[in-house]
2 protein chains.
Amino acid sequence: MLKAERQQIILNEVRRHNRVLLPDMADLVNVSVDTVRRDITELHRKKKLRKVHGGAISLGFHNYNFQGVEIYSKNEKSIIGEKAITLLRDGQVILLTGGTTNMEMARLLPTNLKLTCFTPSLPVATQLLTKPNVEIIFIGGRVSKDSQITVGGSAIHMLSEFSVDLCFLGTHSIDLSYGLSEFDWEIVQLKKSMIKASRKIVAPVISEKLNTIQRYKICDIEEIDTLITELDPENTLLDMYRNKRFNIL
Amino acid sequence: MLKAERQQIILNEVRRHNRVLLPDMADLVNVSVDTVRRDITELHRKKKLRKVHGGAISLGFHNYNFQGVEIYSKNEKSIIGEKAITLLRDGQVILLTGGTTNMEMARLLPTNLKLTCFTPSLPVATQLLTKPNVEIIFIGGRVSKDSQITVGGSAIHMLSEFSVDLCFLGTHSIDLSYGLSEFDWEIVQLKKSMIKASRKIVAPVISEKLNTIQRYKICDIEEIDTLITELDPENTLLDMYRNKRFNIL
DNA sequence: AAAATAATTGCAAAAAATTGCAAATAATAC
DNA sequence: GTATTATTTGCAATTTTTTGCAATTATTTT
């Protein structure tokens with residue numbers, strides 16, 4: 001294995017998990033701990049990660065108790081991202097909307113997963129640049145500064161010209177009877193087009209968004225195929241969402 | 001076997017597998033490792049791949065995080081950026097290609113300047129997000145990981161649907177008789193479309209790119225309206241570019 | 001404080017890169 | 001057509017880089 005390749009793998013692990021232990025990395029890339037140590041030292045010098053006693057942590061990730069058992073409690077979005085990734089298979093064509101949940105999912109994508117990703121989100125596309133096996137198709141249009149995604153006729157038109165296997169539809173609010181909703185009219189229009197362009201809809205939502213509504217409706221709750229939250233699927237908070245036609249993850 | 005053919009095979013292998021080992025390539029194309037090494041060195045210079053100890057890896061495999069992309073010769077680019085900005089007026093509609101020079105220009109844009117910017121570049125668009133008075137229209141399409149801009153038919157089609165006042169056309173090489181040129185075929189196609197979509201063309205180039213040529217031609221030098229370098233317009237290096245129909249800044 | 005774990009240093013073997021050079025091949029001029 | 005020139009290619013000697021190991025030192029945990 002090439003040194004550069006090895007360092008890239010280590011870096012991806014750090015990006016993915018926010019922290020890595022030195023022996024784990026040595027095991028993963030099949031070299032001695034000394035070599036990994038040197039790699040991490042080098043990456044540290046290049047400011048790609050932060051070298052700490054026992055391993056490395058990702059930059060910008062503040063870890064107050066690295067050595068302790070409770071090293072890092074995954075946040076809600078990471079949990080959702082990990083669950084979402086289980087739905088993916090090599091060769092799929094997917095659509096990712098904007099939002100931090102989808103960004104977290106993009107960040108967590110395994111390096112070896114082969115995908116074609118359509119997205120109107122600048123941050124998501126940028127995040128995906130680091131995935132060598134992901135082909136990125138950016139949906140053009142006017143960029144909405146607030147959400148950093150493209151909206152408007154041009155984007156909607158482009159969406160009418162393809163269809164994908166799976167859409168990960170980030171949303172601001174979800175309610176059993178009112179459905180999915182959003183407070184920005186233009187984004188709602190865009191998301192409606194995304195739904196049309198997708199065979200299956202996955203809705204990754206943080207549980208705090210459950211049972212809330214916004215001014216503009218995107219679609220009925222029946223239109224989604226999978227609901228992903230950070231909660232255990234058996235959690236009572238999700239009771240009312242059971243017995244619907246969609247899966248809960 | 002022709003050298004160019006051989007290099008193409010190597011490049012395809014890199015694209016396909018994200019990484020190649022030097023001896024494997026030597027075996028594949030039936031030449032000595034020395035020759036492959038030279039090929040890879042050459043391709044590295046042309047930024048088609050990244051040469052590493054023991055082989056090569058694809059540019060896509062390398063992690064870009066473009067907040068941290070170090071803009072080399074930043075000073076020259078800042079000078080060019082400042083000059084370019086003097087051409088701008090409130091209300092104009094402009095087109096910005098990718099490249100570090102245009103990124104620097106985007107960074108330097110005055111906060112109060114009202115513009116509409118079309119761009120196919122993820123880093124440029126991201127940079128422009130910080131400018132409250134700039135409306136951004138992103139040109140959609142497949143994202144080329146190497147250059148972080150969208151390319152391909154979709155992007156070219158979108159470019160055929162509008163026209164702008166001014167295009168800041170970053171380019172890899174400029175030569176008095178050969179014109180503007182680039183080493184990536186797809187990017188050349190995109191830039192040709194950009195030229196068609198623009199009333200006036202501005203070519204911001206670092207002086208070290210003067211009098212160099214690349215494999216694929218973008219356009220004749222007569223097609224540009226303004227040439228911007230970091231040099232004083234009276235500098236003797238620019239003598240041969242005078243008496244042309246374009247301005248020198 | 002002692003034990004365990006990790007980091008550093010020096011070192012040597014293996015792998016790879018570089019350099020100079022000559023033969024082979026292709027391109028150009030005559 | 002031939003001669004000349006430039007480029008490409010492979011080879012050998014040298015230098016550099018990479019890597020694992022062992023001994024020592026530093027840090028953390030019990």
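Naming: A, B, ... by sequence-line order, numbering from 1 per chain.
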Quick one: [X] [atom1] to [N] [atom2], roughly how many Å, whole number?
X: His44(A); N: dT8(C); atom1: NE2; atom2: P; result: 10 Å
X: Ile40(B); N: dA16(C); atom1: CD1; atom2: C1'; result: 12 Å
X: Lys3(A); N: dA14(C); atom1: NZ; atom2: C1'; result: 16 Å
X: Met1(A); N: dT18(D); atom1: CE; atom2: C1'; result: 15 Å
X: Leu21(B); N: dA16(C); atom1: CG; atom2: P; result: 8 Å
X: Leu22(A); N: dT27(D); atom1: CG; atom2: P; result: 17 Å
X: Leu2(B); N: dT9(D); atom1: CG; atom2: C1'; result: 14 Å
X: Asp27(A); N: dG20(D); atom1: CG; atom2: P; result: 13 Å

Nucleotide of [options] approaching [X] most closely (side-chain heavy atoms):
X: Asp34(A); options: dT18(C), dC21(D), dT19(D); value: dC21(D)
X: His53(B); options: dA16(C), dT8(D), dT28(D); value: dA16(C)
X: Val31(B); options: dT27(D), dT19(D), dG10(D); value: dG10(D)

Residue met sooner reading DNA chain D from 5', once Val33(A) and Asp39(B) are mapped to nucleotides: Asp39(B)
Most 5' of Gly55(B) and Arg38(B) on DNA chain C, judged by nearest nucleotide: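 Nearer the 5' end of the strand: Gly55(B).
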Donor-acceptor under 3.5 Å (Ser32(B) side chain, Ala26(B) main chain):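 No, the answer is negative, given that no donor and acceptor are paired below the 3.5 Å cut-off.
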Donor-acceptor under 3.5 Å (Lys46(B) side chain, Asp184(B) main chain):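 It does not hold such a pair.
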Audit row: Glu230(B), Lys77(B), salt bridge (Lys or Arg N to Asp or Glu O under 4.0 Å) steps and yes/no: CA-CA 7 Å; Glu230(B) 83 282 11; Lys77(B) 295 198 170 168; over 6 Å; no
Beyond-backbone contact of Thr130(A) with Leu11(A), side-chain heavy atoms, under 4.5 angstrom: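 Result no, sub-4.5 Å side-chain heavy-atom pair not found.
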Sugar-phosphate, base or nothing in reach of Val36(A), heavy atoms under 4.0 Å: nothing
It should be established whether [X] places a side-chain nitrogen or oxygen under 4.0 Å from OP1 or OP2 of nucleotide [N].
X: Ser32(B); N: dT9(D); value: no
X: Lys51(A); N: dT8(C); value: yes
X: Arg6(A); N: dT18(D); value: no

Matching residue for Asp39(A) among Lys3(A), Arg6(A), Lys51(A) - test: side chain to side chain donor-acceptor pair (under 3.5 Å): Arg6(A)
